[in-house]
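Here is the naming used below: chain letters follow the sequence lines, and residue numbers restart at 1 for every chain.
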Amino acid sequence: MGTGSNFGFADGEQTGDSTRELTYIAAISEALREEMRRDPNVLLMGEDIAGDFGGAFKVTKGFEAEFGARRVINTPLAELGFVGAATGMALMGLRPVVEMQFADFISSAFDSIVQFAATAHYRWKGAVPWVIRAPSDGGIRSGPFHSQNPEAWFVHTPGLKVVAPATPADAKGLLLAAIRDDNPVIYFESKPLYRSLKGPVPSGAEALPLGEAAVVRPGRDLSMVTYGAMLHQALAAARRLADEGIDSEVLDLRTLKPLDRPAILATARKTGKVLVVHAANRLAGVGAEVAALVAEEAFEWLDAPVQRLGGLDVPVPFSPPLEDAYRPNAEKIYGAARRLALY
Amino acid sequence: MGTGSNFGFADGEQTGDSTRELTYIAAISEALREEMRRDPNVLLMGEDIAGDFGGAFKVTKGFEAEFGARRVINTPLAELGFVGAATGMALMGLRPVVEMQFADFISSAFDSIVQFAATAHYRWKGAVPWVIRAPSDGGIRSGPFHSQNPEAWFVHTPGLKVVAPATPADAKGLLLAAIRDDNPVIYFESKPLYRSLKGPVPSGAEALPLGEAAVVRPGRDLSMVTYGAMLHQALAAARRLADEGIDSEVLDLRTLKPLDRPAILATARKTGKVLVVHAANRLAGVGAEVAALVAEEAFEWLDAPVQRLGGLDVPVPFSPPLEDAYRPNAEKIYGAARRLALY
Amino acid sequence: MLTNEQRLTLYYWMLLTRSFDETMVAMWKQGRGLGGTFSQRGHEAISVGAAYALEPGDVIAPMHRDLGAYLLRGMTAERIFGNLLGRSGGVSAGRDANLHGMGDLGLQIIGFISHLPHSMAVSLGAAMSFVYRSEARVALTFTGDGASSAGLFHETLNMAAVWNAPWVVIVENNLYAYSTPLEQQMKVPAIAERAASYGMAGVSVDGNEVEAVYAVTSAAVERARCGGGPTLIEARTMRMLGHAIHDGAEYVPRSLLESWEKRDPVMTYRARLLEAGVSDEAVLSEIAERVAAEVAEAVARAEADLLPDPATVEAGVYAEG
Amino acid sequence: MLTNEQRLTLYYWMLLTRSFDETMVAMWKQGRGLGGTFSQRGHEAISVGAAYALEPGDVIAPMHRDLGAYLLRGMTAERIFGNLLGRSGGVSAGRDANLHGMGDLGLQIIGFISHLPHSMAVSLGAAMSFVYRSEARVALTFTGDGASSAGLFHETLNMAAVWNAPWVVIVENNLYAYSTPLEQQMKVPAIAERAASYGMAGVSVDGNEVEAVYAVTSAAVERARCGGGPTLIEARTMRMLGHAIHDGAEYVPRSLLESWEKRDPVMTYRARLLEAGVSDEAVLSEIAERVAAEVAEAVARAEADLLPDPATVEAGVYAEG
Ligand SMILES: Cc1ncc(C[n+]2csc(CCOP(=O)(O)OP(=O)(O)O)c2C)c(N)n1
Ligand SMILES: Cc1ncc(C[n+]2csc(CCOP(=O)(O)OP(=O)(O)O)c2C)c(N)n1
Ligand SMILES: [Mg+2]
Ligand SMILES: [Mg+2]
């Protein structure tokens, strides 16, 4: 159910100034708007995205007025069907951007994503240039069905690309890249960052490359490898560690498939100590792949065991003490990183 | 599509002798038959399982005659719906065993499995004691849609149990355990082993515990951690290595969720060298969790980097040279294990 | 025919539902809520009328606007407020949000999940367990106009018909799915008529008339109980507030709301009871006072209840035993 | 009205389809196959009659018994045999099995996946791309009686109707889904009538009469092309062999097969052509010889073709550029 969160209201970001700061969600809207202006093949589909309403999070508020109902399509409640339809449009050369109302509902379209869209090019050169935008993650008291981070399912599935930006600039640049990419891309946007995070965003419509991680904070003593909202928790932990003389490198993966293996291995080899952090369930999560990769290919450089922090192996609980116990945060990252540094 | 494979025919196993050998598939049939005789709450559902036909692989041939149409229910082609119905039956205390015609089609029921069945007990103490039997794995020229090993999706999902037997005895004992377990269990059976593998099977209806791995071959020099059909490839590789004086320990995980962490760590600490092998796609597969676990908790004991062998990051291709390139086998395991031993 | 006492009972449950709902909405506006929640304003006649048609052994799988059904089945207002507030005494003990996860098999209630319309298939399974065990029980569930676009709607109706299941589904057609009006959801918005193409009974009812809802549901439930097979009931009503608590529903024409306001299921039933001499102002006021007190006490207890102990976060993922 | 030349064209494609199919079945029996495969025997009139109703720019998404549609759209028998045999010159270059993965956008063909009925939604999307670009094109797809039980059937029909898409679906009702007869799949096996509850045109046709299939499909396609919206066509026929090559279909009553055998779409059409004086034995035999030669040559070339180079196994997962 589209339960309310305080992130449900647009707050009319101003645009146009090339040095301006935007919220994370405004950066997403801007990427969509600019790309729709640029490329007539881009269209939007999803539940409740049209009209003055503009979607559960108002990302597409005003879009129907600008681009018309032809390019901003409200769908019935039928994720499997409308993702399949997006695949058909994409095969015909359009570039549909599909909004899941919440990332949690992507499981309702799972079959169409992993079986049809993901495999069409390998099997018969059917290119499927769609993007699914999936508002993911929790920490905002939304319960098991509005807090999920289902990226691992898709990273494991051949043929998809998976993106998870952590900053407004990346949100814009990677969404542009995702739309322009000729493959099915799942774009996990972070609900907790929507309106809590502001940052500089270039006003030009320049795409960032998919598949490139970013060293957000260089450091010597240990590496934190993370993505999405956890980047900011990791940075907070790193600041606190810095006060204690521990110098953390923080790597933001940004793209989860394809993973930037060289960047992961570079930081691991540089510091010799790696802590992988994500909000998704830890067990068999994307962090397991990162840790396994490091263990396999940076073994000789490691001075301590690769550590992982992630959600517990339970559905995301609703009540604050439970959700806080479930989820990594700066405090827990600080503790794990400190132990690692002192190893 | 239910394409043919040479595993599609029953061959009338004899039963009744307590020292007898059964094929892997006959062991599955036997477990179902005995448990249905024992527990009136056990029933079967799935496409084409009833009547004289008895399912795409004939596992339930003759069952309708013995147990009646009430307990052997042919469903329409509606995986999402009939898994949901099984969940409702299970909530009412029945123990449905659902047959997927092929494991590949489990994605069609994904939503119901991961969102409803997996979470009901955590959320409101709704116990869901069903089993989904999923004929999985390839190597038999069945192409991208009849060769999948989708276990990682479910291992990552809180609330499920996941089983993957590699021998006829385990196939029987773990299926009995899965049916008697009060939780939703996905039971991945191995198509390539169905009729190619025979082994001793106890005639009694004794369940094996879920969550316990087995050291199938003790050894000193390195550990192979695997499950399903790959166990036999690993054992073949181990025999060849033994001829060269390399002594491999082979651990069969048997249950993938919950993972037997102590057994994994014990073998890792014993040999200091671990090779994880599965037929599923390697990237972010179950092997990543195993490797990450070893890297994290057996670090001090490791004499070489944890290695993984798995399927490539592509849909399972059909044509023999491609499928062979895609998939691990004894030869590839031998090579990787040898390199590891010599590290 | 309903007795006067039964009519007052229906009124009581509708008023309790309404009072709960109004209190909840007010609390959330005051910042005393946690996360989001759903108002069911306008749906009282459906959830109460339908649930009243069940026997105690029947199973019910409500959706997010069926507060009345939970209450009538014996789930206390305190436990439900506790769920909304994430308290340890809430139905899900803080694990699930708002009206989700409020299952209690002791009360024969199957908990709801967000993903629509999964209660349909699951409740069909419950119904099939009754057939399996030759029990004269029925399963009833609810779904929405929006949810009827999902494939599971079709899969479930089709299987229910083929299996001749003792199962009843009520489609609460409240003209909107979130912001999406009916005409963007389906070309022929006669949902009850879809039943025919499955070989299932289908009937449409005024969802603002509690006795009418009760009557068609009773008939469907009793037919199901006697082996007569499933029924699809379309109950027409209007969602009177936003989709969820944060939603102002500016997309709904005000005139539409005004016309439905005149047909408010609680107020019209109250007037009817007076008119027909079933009751008098004094009795109805006494019910209103009782309801207000119950709700106030439920809120007070729920607010005073503890949040769950974080040490329990990993408990209960699996059933043991 | 069809010209005599068109009639012979239809006959040619049906015969090519049949001949391909018989050759394939024989090869698999001889152990010259790879993996499993599907016979479409009995379905020639549907796949050929429907595909013949399309313009070259229209899109088609066939399912596993629509060999005739692939051939008629220009996919050569050699490429299809190559696909069946996992050869590098096969449509999917050895990546996909039997009749799966035979997409070729140059021929406006969308490839099939096992998971039923995904071609429905995907082809609807293709149709919507024509609306988007204001092109007078139509998308046509096929599905089965079995696949019609899946939720995606409902989701797609509903959206096609709401969006008034230039889209046509043909349900090949061949009385069985694998071993499951119609009565275990649906209570009211009048699939065409389901269209009404979506607000869509629905029509039933004899699937063994190629001209009848052509006629209803043409009408539906032309209506769709002119903005008249989607159509659901139910084509009734019988699956004459097993579900797939390994399946002896012992569950099908022999008498049922015998009665349908008399209505064989290829043989009855041949007789009709002779009877109506459209053609004579000599011409038809000449066609048969031509067809036999084409199939033989296709098989020879496909069998002589190389298996794919294992070094290419990771190529092509992603589209580049
Ligand atoms: C599969 C799925 N997709 C999306 C949602 C988000 N969502 C919650 S309620 C809702 C609208 C439901 O409309 P309807 O069924 O008419 O019920 P109503 O809220 O009007 O009572 C949507 C789109 C969901 N809960 N499930
Ligand atoms: C989602 C899904 N579940 C199961 C299957 C396995 N399967 C392949 S074909 C088939 C029967 C299909 O019947 P129908 O749609 O009538 O087509 P037909 O084979 O009769 O032409 C089944 C169950 C599948 N392909 N897809
Ligand atoms: Mg509604
Ligand atoms: Mg069929």
Original post:
Which region of Asp52(B), side chain (C-beta onward) or backbone (N, CA, C, O), has a non-hydrogen atom less than 4.5 Å from a non-hydrogen atom of chain D, or is it both or neither?
Top reply: neither
**OP:** Flag this pair as yes if the NZ/CZ of Lys58(B) is under 6.0 angstrom from the six-membered ring centre of Phe53(B) and inside a 45 degree cone about the axis; otherwise no.
**Re:** yes
Original post:
Between Asn149(B) and His278(B), does any side-chain donor sit less than 3.5 Å from a side-chain acceptor?
Top reply: no
Subject >> Among Val317(D), Leu85(D), Leu307(D), Asp96(D), residue most engaged with chain B (heavy-atom pairs, under 4.5 Å) >> reply: Asp96(D)
Original post:
Given the options Met186(D), Glu314(D), Arg95(D), which has more heavy-atom pairs under 4.5 Å with chain B than any of the others?
Top reply: Arg95(D)
Subject >> Ion pair check, Asp137(B) and Arg327(B), cut-off under 4.0 Å >> reply: yes
Subject >> Close aromatic pair by centroid cut-off 6.0 Å: Phe145(B) and Phe318(B) >> reply: no
**OP:** Check whether Ala249(D) gets within reach of chain B through its side chain, its backbone, both or neither, counting any heavy atom under 4.5 Å.
**Re:** neither
**OP:** Using atom types as modelled and distance alone, determine if a side-chain donor or acceptor of Thr60(B) lies under 3.5 Å from a backbone N or O of Ile49(B).
**Re:** yes
Subject >> Inter-residue atom distance Phe105(B).CZ - Ser107(B).OG, 0.5 Å rounding >> reply: 8.5 Å
Original post:
Under the 3.5 angstrom rule, does the side chain of Asn83(D) hit a backbone N or O of Asn98(D) as a donor-acceptor pair?
Top reply: yes
**OP:** Against chain D, label Asp324(B) side chain, backbone, both or neither, depending on which of its atoms sit under 4.5 Å from a heavy atom there.
**Re:** neither
Original post:
Of the backbone (N, CA, C, O) and the side chain (C-beta and beyond), which part of Ala150(D) lies under 4.5 Å from a heavy atom of chain B, both, or neither?
Top reply: both
Original post:
Given a strict heavy-atom distance threshold of 4.5 Å, which part of Gln184(D) is in contact with chain B: side chain, backbone, both, or neither?
Top reply: both
Subject >> Atom group of Leu322(B) that falls short of 4.5 Å from chain D, counting heavy atoms >> reply: both
Original post:
Looking at Glu22(D) and Arg41(D), does any basic side-chain N land under 4.0 Å from a carboxylate oxygen?
Top reply: yes
Original post:
Among Pro317(B), Pro144(B), Ala325(B), which residue forms the greatest number of heavy-atom pairs with chain D at distances under 4.5 Å?
Top reply: Pro144(B)
Subject >> Leu84(D), part contacting chain B, at a heavy-atom distance under 4.5 Å >> reply: backbone
Original post:
Among Leu80(B), Val314(B), Thr75(B), Val316(B), who wins on heavy-atom pairs under 4.5 Å with chain D?
Top reply: Val314(B)
